[in-house]
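A quick write-up on the structure given underneath.
Throughout, protein chains are lettered first and strands after them, A, B, ... in sequence-line order, and every chain is numbered starting at 1.
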Amino acid sequence: MSYVLRRLLMFPVVMLGVSVFVFVAIRLVPGDAITAMLGTESGLLTPAQRESLTAYFGLDQNWAVQYWRWLTGLLQGDLGLSVTYGQPVSRIIIDRFPLTLELALLSMVIALMIGLPAGVFAATRVERPSDLIVRVFAMIGQSTPNFVLALLAIYILSVVFGILPTMGRFVPLTEDPLGNLAQMILPAIALGTAFAAAVTRISRAAMLDILGEDYVRTARSKGFSQRYVIWRHALPNALIPVITLSGVEFGYLLGGAVIVEQIFALPGLGRVVLDAILQRDYALVQGVVLFIAFNFLLVNLLVDLAYAALDPRIRYGAS
Amino acid sequence: MAVLRALLRHTSGQIGVVVIAVFAVAAVLGLLGLTPHDPLAQDRLARLQGPGATYWMGTDLFGRDILSRLMVGIGQSFAVALLSVGLAAGAGTVLGLTAAWFGKLWDGAVMRAMDVLLAFPAILLALLIVAILGPGLVTSVVAIAIVYTPIFTRVVRGPALSLKTRSFVDAARTFGSSRRYILIRHLLTNLVAPLTVQITLALAWALLTEAALSFLGLGTQPPSPSLGLMLSDSRNLMETAPWMLIFPALVIMLSVLGFNLLGDALRDVFDPRTRRALA
């Protein structure tokens with residue numbers, strides 16, 4: 001079976017596994033769902049009310065029936081109702097996802113704009129002081145958690161330079177693009193730095209591998225300039241691992257910006273998940289987690305397909 | 001021994017070892033309660049005091065000594081990291097080895113289960129597990145262990161699959177060695193290198209995740225000190241008491257850096273292509 005086909009067939013299988021995992025995980029939460037849903041108010045329920053609620057949510061059925069109902073609902077885009085928001089979970093996701101997506105894209109742009117040139121630069125000056133400096137910065141960048149960086153950035157900007165990052169009401173991109181960018185740039189830098197460090201390291205390593213290849217030496221011996229050899233021969237091949245890394249990181253960012261969104265008070269998906277967990281809004285946790293996992297898998301699938309398209313060895317050489 | 005010697009000749013290996021050693025000492029002292037001050041004692045006359053002779057790294061809003069709290073925090077972070085990575089490495093090794101050895105249905109089942117776990121961004125999976133088990137230190141250990149198990153499983157299974165077909169394994173089988181003996185003596189010993197590298201890098205990540213969980217209020221619960229909580233406390237006070245932010249931030253950065261440097265150095269040391277250059 002070809003790699004691409006196998007990869008495509010695997011997607012629904014894993015996604016189904018993910019849905020079972022999330023379903024079971026939520027049901028392992030101690031306490032019954034009605035109490036979890038209504039909080040202290042559940043104490044006011046009469047036994048009859050409790051029973052009818054249990055029947056209404058289908059909780060009197062066994063897990064298999066519940067799962068089947070949930071799954072068929074999912075396939076029709078019904079992710080359930082959020083108790084804290086009083087809205088369908090799908091509505092909340094549609095409202096909040098654009099911000100998370102924008103943040104992830106912005107971070108990726110920053111990471112690639114810094115990481116790729118830095119990595120190529122270091123690879124062409126290997127073992128010289130400039131290479132060492134790039135590597136030290138990359139190592140520090142990779143070791144700084146994004147929330148630590150976010151706090152330090154706020155501190156440096158506000159205390160040292162006296163610029164207060166705007167953290168009041170969130171301005172959507174469609175309303176005021178510049179105002180939006182001003183709010184998003186700091187969180188994007190906080191998220192993008194470790195990513196940039198990873199891009200630097202991987203593009204440096206990939207460039208070094210390729211610069212040692214025969215075809216690069218041949219190109220050089222033909223008298224092509226260093227710049228031409230790097231841009232035309234080495235870089236396109238060095239991009240393959242960078243693309244893989246970017247895909248995986250992007251997938252993480254789509255669901256992993258929890259803390260940074262929290263610090264900068266950005267109403268994105270990460271914050272929704274965190275609030276939902278803290279408030280025990282299980283329908284919301286379930287729906288959003290599933291959505292994030294879906295995105296993550298989808299991005300990884302696309303990356304693998306892109307990888308196969310770029311590198312024929314993967315397309316044909318089944319492992 | 002040869003590995004250790006090569007490691008100590010490697011520049012980032014040296015730095016990594018020194019950094020980790022310093023923090024390990026602080027961690028042990030912190031866990032043993034050998035801190036300069038009581039980490040929970042509140043000196044109300046010395047609230048929000050900057051670094052000085054009595055309180056080397058200053059005090060927090062309640063007049064508690066930052067240095068002592070950091071030491072206990074490092075101790076807890078290291079304990080959580082070691083325990084969780086230990087669990088993950090153990091579980092991942094058993095799963096990866098058996099998946100590679102038995103193949104077929106077991107391999108498929110294990111690897112698909114790992115695919116499912118890997119479908120969640122790490123911090124999200126950790127949050128989900130915390131949501132189920134309730135916040136706390138033990139939960140952090142379990143959550144980080146579960147998040148990291150699939151990675152160890154993959155790290156072990158790949159090389160184990162190719163080792164399984166090597167002639168020395170066939171030879172051992174012909175001699176009548178037991179399955180357990182072959183798995184441990186022949187397969188596992190050959191996996192020490194990738195496992196060591198992965199464990200070191202996982203420790204860096206585990207420290208970071210523990211700090212992230214406690215920062216969000218889902219790890220260590222106050223008044224127990226933890227690096228994440230201390231950072232979280234510093235948020236509204238960074239203008240008046242920047243030491244509350246800077247010291248915990250530095251501790252997290254440097255300890256993660258230490259493990260990353262060590263992991264990188266170990267990778268170089270174990271890699272035959274770079275080992276020659278180091279010898």
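Using a 4.5 Å cut-off between heavy atoms, A/Val273 contacts chain B through its side chain alone, with no backbone atom that close. In this structure, chain B has heavy atoms under 4.5 Å from both the backbone and the side chain of A/Tyr155. With a 4.5 Å cut-off on non-hydrogen atoms, A/Ile140 touches chain B through its backbone and its side chain both. Proximity to chain B is limited to the side chain of A/Met10, based on heavy atoms less than 4.5 angstrom apart. Residue A/Val285 touches chain B through its side chain alone, counting heavy-atom pairs closer than 4.5 Å. Contact of B/Leu245 with chain A is made through the side chain alone, with heavy-atom distances under 4.5 Å. Neither the backbone nor the side chain of A/Val248 comes within contact range of chain B; no heavy atoms are under 4.5 Å apart.
Residues of residues 150-162 of chain B placed with any heavy atom under 4.5 Å of a heavy atom in chain A are absent; none qualify. Residues from residues 198-210 of chain B that place a non-hydrogen atom less than 4.5 Å from a non-hydrogen atom of chain A comprise B/Leu208, given in numerical order.
Side-chain contact check for B/Leu231 versus A/Phe147: some heavy-atom pair is nearer than 4.5 Å. Contact of the A/Phe296 side chain with the B/Leu124 side chain is not registered, since no non-hydrogen atoms from C-beta on lie closer than 4.5 Å. For the pair A/Ile156/B/Met238, no side-chain contact is recorded, criterion being any heavy-atom separation below 4.5 Å from C-beta on. Contact annotation: the side chain of A/Tyr252 never approaches that of B/Ile123 to less than 4.5 Å [non-hydrogen atoms, C-beta and beyond]. Using a 4.5 Å heavy-atom threshold, the side chains of B/Leu218 and A/Leu274 count as touching.
B/Asn260 and A/Met139 make their closest contact through CB-CE, 3.0 Å (heavy atoms, listed as atom of the first residue, atom of the second, distance). Contact between B/Pro121 and A/Gly251 at its shortest, heavy atoms only, is CG-O, 4.3 Å. Shown here for A/Ile259 and B/Ala212, the closest heavy-atom pair between the two residues is CD1-CB, 3.3 Å.
Surrounding CZ of A/Phe97 are more than 12 heavy atoms belonging to other residues, nucleotides or ligands, all under 6.0 Å away.
Considering CD of A/Gln262 and CG of B/Leu216, their distance stands at 6.5 Å, rounded to 0.5 Å. Note that CG of A/Leu152 and CD1 of B/Ile246 are 7.0 Å apart. Values are rounded to the nearest 0.5 Å. Atoms CG and CG, on B/Asp115 and A/Leu297 in that order, are 8.5 Å from each other to the nearest 0.5 Å. The CD1 atom of A/Ile26 lies 5.5 Å from the CG atom of B/Leu128; values are rounded to the nearest 0.5 Å.
Every residue meeting the salt bridge (Lys or Arg N to Asp or Glu O under 4.0 Å) condition with B/Asp264, not counting sequence neighbours, appears here in chain and number order: A/Arg201, B/Arg267. A search for side-chain hydrogen bond (donor to acceptor under 3.5 Å, both in side chains) contacts involving B/Thr139 returns nothing, not counting sequence neighbours.
Chain B forms more heavy-atom pairs under 4.5 Å with one residue of A/Val22, A/Val14, A/Thr144, A/Leu151 than with any other, namely A/Leu151.
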